[in-house]
Amino acid sequence: MKNAAVSKMFYSIKEVAAVLEENESTLRYWEGEFQDVISPRRNERGVRFYSEKDINDVRLIKYLIRDCGLTFEGARKRLKSNKESAVKQSKVVQYLKHIREELKVLKEALDDVEKKR
């Protein structure tokens with residue numbers, strides 16, 4: 001997750017859902033739809049544990065479905081035909097979103113300075 005102060009080997013579905021701003025049920029559903037891509041480890045009780053790779057895979061699925069507006073079938077085809085390109089595009093979009101958030105913070109700080117004048 002890289003945003004976390006302490007890096008862990010595995011994350012719970014609740015933690016992953018919070019970071020990706022998705023419901024846990026959505027993550028479970030996507031896991032069923034994309035079994036060849038998303039496969040978190042499970043303990044003997046069936047509790048899911050997501051690695052960094054698993055989280056990046058879910059993030060890619062989210063990008064294809066939410067940002068690109070692809071259907072599940074369209075996302076599957078995209079992953080089969082050109083996964084590397086989709087990964088690169090996803091990272092660029094994620095980076096641009098991060099920059100946008102940083103710019104918002106800077107704008108708010110500048111607005112506060114202007115109000116104090």
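Each of Phe10 and Val19 belongs to its own hydrophobic cluster when Ile, Leu, Val, Met, Phe, Trp and Tyr are linked at side-chain heavy-atom distances under 4.5 angstrom. Both Val87 and Val58 belong to a common hydrophobic cluster when Ile, Leu, Val, Met, Phe, Trp and Tyr are linked at side-chain heavy-atom distances under 4.5 angstrom. Each of Val16 and Met9 belongs to its own hydrophobic cluster when Ile, Leu, Val, Met, Phe, Trp and Tyr are linked at side-chain heavy-atom distances under 4.5 angstrom.
Judged by distance alone, with hydrogens and angles left aside, the side-chain atoms of Glu108 form no donor-acceptor pair with the main-chain N or O of Val105 at under 3.5 Å. Checked by atom type and distance alone, the side chain of Asn23 never pairs as donor or acceptor with a backbone atom of Thr26 at under 3.5 Å. Lys62 places a side-chain N or O within donor-acceptor distance of the main-chain N or O of Leu20, the cut-off being under 3.5 Å. Within the 3.5 Å criterion, the main-chain N or O of Ser51 finds a donor-acceptor partner in the side chain of Asp54.
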For salt bridge (Lys or Arg N to Asp or Glu O under 4.0 Å), just list the numbers for Asp67 and Arg59, CA-CA rounded to whole Å, side-chain angles, deciding distance to a tenth of an Å, and then say yes or no. CA-CA 11 Å; Asp67 295 341; Arg59 190 175 275 130; over 6 Å; no

For Leu70 and Ile65, run side-chain contact (heavy atoms from CB on, under 4.5 Å): C-alpha distance rounded to whole Å, both residues' side-chain angles, the deciding distance at 0.1 Å, then the answer. CA-CA 5 Å; Leu70 296 177; Ile65 292 171; 5.6 Å; no

Hey, mind stepping through Lys83 and Arg78 against side-chain contact (heavy atoms from CB on, under 4.5 Å) and telling me if it holds? CA-CA 6 Å; Lys83 183 177 180 178; Arg78 180 80 186 272; over 6 Å; no

Show the numbers, then the answer: is there a side-chain contact (heavy atoms from CB on, under 4.5 Å) between Tyr29 and Phe72? CA-CA 11 Å; Tyr29 186 74; Phe72 290 147; 3.2 Å; yes

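From Leu106, atom CG reaches atom CD1 of Ile99 across 11.5 Å, with rounding to the nearest 0.5 Å. From Glu33, atom CD reaches atom CZ of Arg76 across 5.0 Å, with rounding to the nearest 0.5 Å. Distance check: Leu96 CG to His98 NE2 gives 11.0 Å after rounding to the nearest 0.5 Å. Expressed to the nearest 0.5 Å, how far CD of Glu84 lies from CD of Gln89 amounts to 12.5 Å. Rounding to the nearest 0.5 Å places CG of Asn56 at 8.5 Å from NZ of Lys53. In this structure, OH on Tyr95 lies 14.5 Å from CZ on Arg100, to the nearest 0.5 angstrom.
Inspection of the Tyr11 and Glu52 side chains reveals an N or O donor paired with an N or O acceptor under 3.5 Å.
Nearest heavy atom pair, residue Leu60 against residue Ser90, reads CD1-CB, 4.0 Å. For Cys68 against Leu64, the heavy-atom pair with the smallest separation is CB-O, 3.3 Å. Taking each heavy atom of Arg48 and Tyr50 in turn, the nearest pair found is CD-OH, 3.7 Å. Across Ser39 and Gln35, no two heavy atoms sit closer than the pair CB-O, 4.3 Å. Nearest heavy-atom pair, Val37 versus Ile61, reported as atom, atom and distance to 0.1 Å: CG1-CD1, 4.3 Å.
Taking 4.0 Å as the cut-off between side-chain N and carboxylate O, Glu31 and Arg42 count as a salt-bridged pair. With respect to Lys115 and Asp111, no salt bridge is recorded, no charged nitrogen being found less than 4.0 Å from a carboxylate O.
The environment of Glu21 atom CD is sparse: at most 12 non-hydrogen atoms of other residues, nucleotides or ligands sit within 6.0 angstrom. Crowding of Arg28 atom CZ: a count of heavy atoms from other residues, nucleotides or ligands under 6.0 Å exceeding 12.
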